[in-house]
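A short write-up of the structure that comes next.
Since the model is a prediction, treat every value here as computed from it, not as a measurement. Just so you know, ligand 1 is whichever comes first in the structure, and atom 1 is the first atom listed for that ligand.
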Amino acid sequence: MFAVLQRDLVRLSKRMSLALRHAPGRFGLALDRSGWVAVEDVLSALRISREDLDAVVAGNDKRRFAVERGPDGTQRIRASQGHSVPVDLGLVAQAPPARLFHGTTTAALDSIRATGLHRARRHHVHLSADPDVAHRVGARRAGTVAILTVDAEAMARDGHVFYRSANGVWLTAAVPARYLGVRPAGT
Ligand code: HQG
């Protein structure tokens, strides 16, 4: 029973990610410029109950979604990071930890060595302070996981700007190859 519920929640979380990060129009939704949309509108667009939405928001391993009361007093929701549609999350630049990690696959390493880390379809390159989290990010993809270390201290010193999302993901525009190292497997 629990496993089925869990699977349904993951499926719903993916639909909510699609609606709130990548393709709101496909669900008839429009995000405001900061990425917020009324909870009521999400419930009717995705045909889900408030209980389902709350379960995804509360049970989410990465706290992908934030719910709060908007200026007009109604409840609103947005994804905390990971958008491909243009939104301004109002993130404030922050000094990063000395070292950050990025999980990818060994197949990408030659290209990353040549050109550094790029943000792909997202607004930023996503980095983690925790190598285990980086490992999980890399393990989403087929192939062998590779963990890269990022000399964030040197990047910050050289003027690169870092942000931290509401759910603790470190974000930056790009990571030039000279700040990257490969973390040996099993360390
Ligand atoms: C790779 C998930 C070749 C990069 C995760 C990654 C994360 C390059 C892929 C969040 C490259 C982009 C973000 C280069 C970067 N050559 N490959 N020069 N530069 N790449 O999905 O970091 O579940 O946009 O290594 O947990 O994998 O959505 O980024 O493999 O936090 O909440 O290009 O997405 O969170 O892929 O994942 P993505 P990501 P959610």
Residue and atom name of the nearest protein heavy atom (relative to atom 4 (C) of ligand 1), distance in Å to one decimal: His102 NE2, 3.4 Å
Ligand-residue contact atoms, ligand 1 with Thr115, heavy atoms, under 4.0 Å: 18 (N)
Option of least heavy-atom distance to atom 28 (O) of ligand 1 (set: His118, Arg21, His126, Gln81): Arg21
Donor-acceptor pairs under 3.5 Å, side chain of residues 122-129 to any protein atom, not counting sequence neighbours: which ones?
| residue | atom | partner | partner atom | Å |
| --- | --- | --- | --- | --- |
| His123 | NE2 | Val85 | O | 2.8 |
| His126 | ND1 | Gln81 | NE2 | 3.4 |
| Ser128 | OG | Asp130 | N | 2.9 |
| Ser128 | OG | Asp130 | O | 3.1 |

Min heavy-atom dist Gly116 to ligand 1 below 4.0 Å: yes
Counterpart residues, side-chain contact (heavy atoms from CB on, under 4.5 Å), relative to Ala66 (two or more places apart): Trp36, Ser80
Residue and atom name of the nearest protein heavy atom (relative to atom 1 (C) of ligand 1), distance in Å to one decimal: Thr104 OG1, 4.3 Å
Heavy-atom proximity to atom 24 (O) of ligand 1, best of Lys14, His123, Arg122: Arg122
For atom 6 (C) of ligand 1, closest protein heavy-atom neighbour: Arg141 NE, 3.9 Å
Distance from atom 3 (C) of ligand 1 to nearest protein heavy atom, with residue and atom: Ser111 OG, 3.2 Å
Selected option - heavy-atom contact closest to atom 8 (C) of ligand 1, from Leu109, Val175, Leu148, Ile112: Ile112
Side chain, backbone, both or neither: Leu117 near ligand 1, heavy atoms under 4.0 Å: both
Heavy atom of the protein closest to atom 33 (O) of ligand 1 (residue, atom name, distance): Ala120 CB, 4.8 Å
Residue pair Phe27 / Leu18, side-chain heavy-atom distance below 4.5 Å: yes
Heavy-atom pair of closest approach, residues Leu43 and Ser49: CD2-O, 3.7 Å
Arg78 side chain to Ser34 backbone, donor-acceptor under 3.5 Å: yes
Val137-ligand 1 polar pair, N/O distance under 3.5 Å: no
Minimum-distance protein heavy atom relative to atom 35 (O) of ligand 1: Lys62 NZ, 2.7 Å
Ser13 side chain vs Leu9 backbone, donor-acceptor pair below 3.5 Å: no
Shortest non-hydrogen contact between Ala19 and Leu29, atoms and distance: CB-CD1, 4.1 Å
Top protein contact for atom 39 (P) of ligand 1, by heavy-atom distance: Arg140 NH1, 3.7 Å
Shortest protein heavy-atom distance from atom 23 (O) of ligand 1, along with the residue and atom involved: Arg64 NH2, 3.0 Å
